[in-house]
Amino acid sequence: QVQLVESGGGLVQTGGSLRLSCAASGIRISANTMAWYRHTPGNQRELVGSLTSGGAPTYADSVKGRFTIYRDNTQNTMYLQMNNLKPDDTAVYYCNLQFSNYWGQGTQVTVSS
């Protein structure tokens, strides 16, 4: 059974940083394309970025240069390092086994101005 558990969200001021984690069980993240999505207060779902099995990341234009996706294969965990956070980054962040219906429960990120 696939399970994804996010953690690391919180409240941070503009310009601050957070690191989100997505701990996986039931799959090897190194063998799959994994993704981070976010749901904004306006209920828009946005693909933040993804990480292929080969380790190649892609990013939405809105986060390029500020966010980094990487993984620790030994921990079977994917990370989203978020720097220079802006109020527009406020959302619930989810990890996803891409192109599947496997999602975590989400973690709230709130950036205050």
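It should be emphasised that the depicted structure is a prediction, and the values quoted were computed from it without experimental measurement.
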Test: side-chain hydrogen bond (donor to acceptor under 3.5 Å, both in side chains). Region: residues 81-92. Which pairs qualify, not counting sequence neighbours?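 Only Ser17-Asn83, Arg38-Asp89, Arg66-Asp89, Gln81-Asn83 qualify under side-chain hydrogen bond (donor to acceptor under 3.5 Å, both in side chains).
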Distance from Arg71 atom CZ to Ser21 atom OG, nearest 0.5 Å?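 So the CZ of Arg71 and the OG of Ser21 are separated by 15.0 Å.
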Least distance between heavy atoms, Ala24 atom then Leu4 atom: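 It is CB-CD2, 3.7 Å.
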Shortest non-hydrogen contact between Thr58 and Ser50, atoms and distance: OG1-OG, 2.7 Å
Results of side-chain hydrogen bond (donor to acceptor under 3.5 Å, both in side chains) for [X] - residues two or more places apart only:
X      : value
Asp61  : Lys64
Thr110 : Gln108
Ser113 : none

Does [X] belong to the same Ile/Leu/Val/Met/Phe/Trp/Tyr cluster as [Y], with side-chain heavy atoms less than 4.5 Å apart forming each link?
X     : Y     : value
Phe67 : Leu11 : no
Tyr93 : Ile29 : yes
Tyr79 : Met82 : no

With the side chain counted from C-beta on, respond yes when Leu51 and Thr33 share a heavy-atom pair under 4.5 Å apart, and no when they do not.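 A side-chain contact is absent here, since even the closest heavy-atom pair is not under 4.5 Å.
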Tell me, do Thr14 and Pro87 make a side-chain contact under 4.5 Å, heavy atoms counted?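 Yes, at least one pair of side-chain atoms sits under 4.5 Å.
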Partners of Tyr59 by ring pair (Phe, Tyr, Trp, His ring centres under 6.0 Å), sequence neighbours excluded?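 By the ring pair (Phe, Tyr, Trp, His ring centres under 6.0 Å) rule, Tyr59 matches no residue at all.
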Please check: side-chain N/O of Glu6 versus main-chain N/O of Gln105, any donor-acceptor pairing under 3.5 Å?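 It does hold such a pair.
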Are any side-chain N or O atoms of Asn32 and backbone N or O atoms of Met34, one a donor and one an acceptor, separated by less than 3.5 Å?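 Looks like no, no N/O pair under 3.5 Å.
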Step by step, work out the side chain to side chain contact (heavy atoms under 4.5 Å, CB included) result for Thr107 and Ser7. CA-CA 6 Å; Thr107 186; Ser7 62; 5.6 Å; no
Side-chain cluster (under 4.5 Å, hydrophobic types only) that Trp103 belongs to, other residues: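 Members other than Trp103 - counting any ILVMFWY side chain reachable under 4.5 Å - are Tyr37, Leu47, Val92, Tyr94.
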List the steps and the verdict of side chain to side chain contact (heavy atoms under 4.5 Å, CB included) for Tyr102 and Gln3. CA-CA 7 Å; Tyr102 294 112; Gln3 189 172 16; over 6 Å; no
Under a 3.5 Å cutoff, is there a donor and acceptor pairing between the side chains of Glu46 and Thr40?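 Per modelled atom types, Glu46 and Thr40 side chains form no pair under 3.5 Å.
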My understanding is that only one of Asn76, Asp72, Thr77 makes a side chain to side chain donor-acceptor pair (under 3.5 Å) with Thr74; could you say which?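 Exactly one option meets the side chain to side chain donor-acceptor pair (under 3.5 Å) with Thr74, and it is Asp72.
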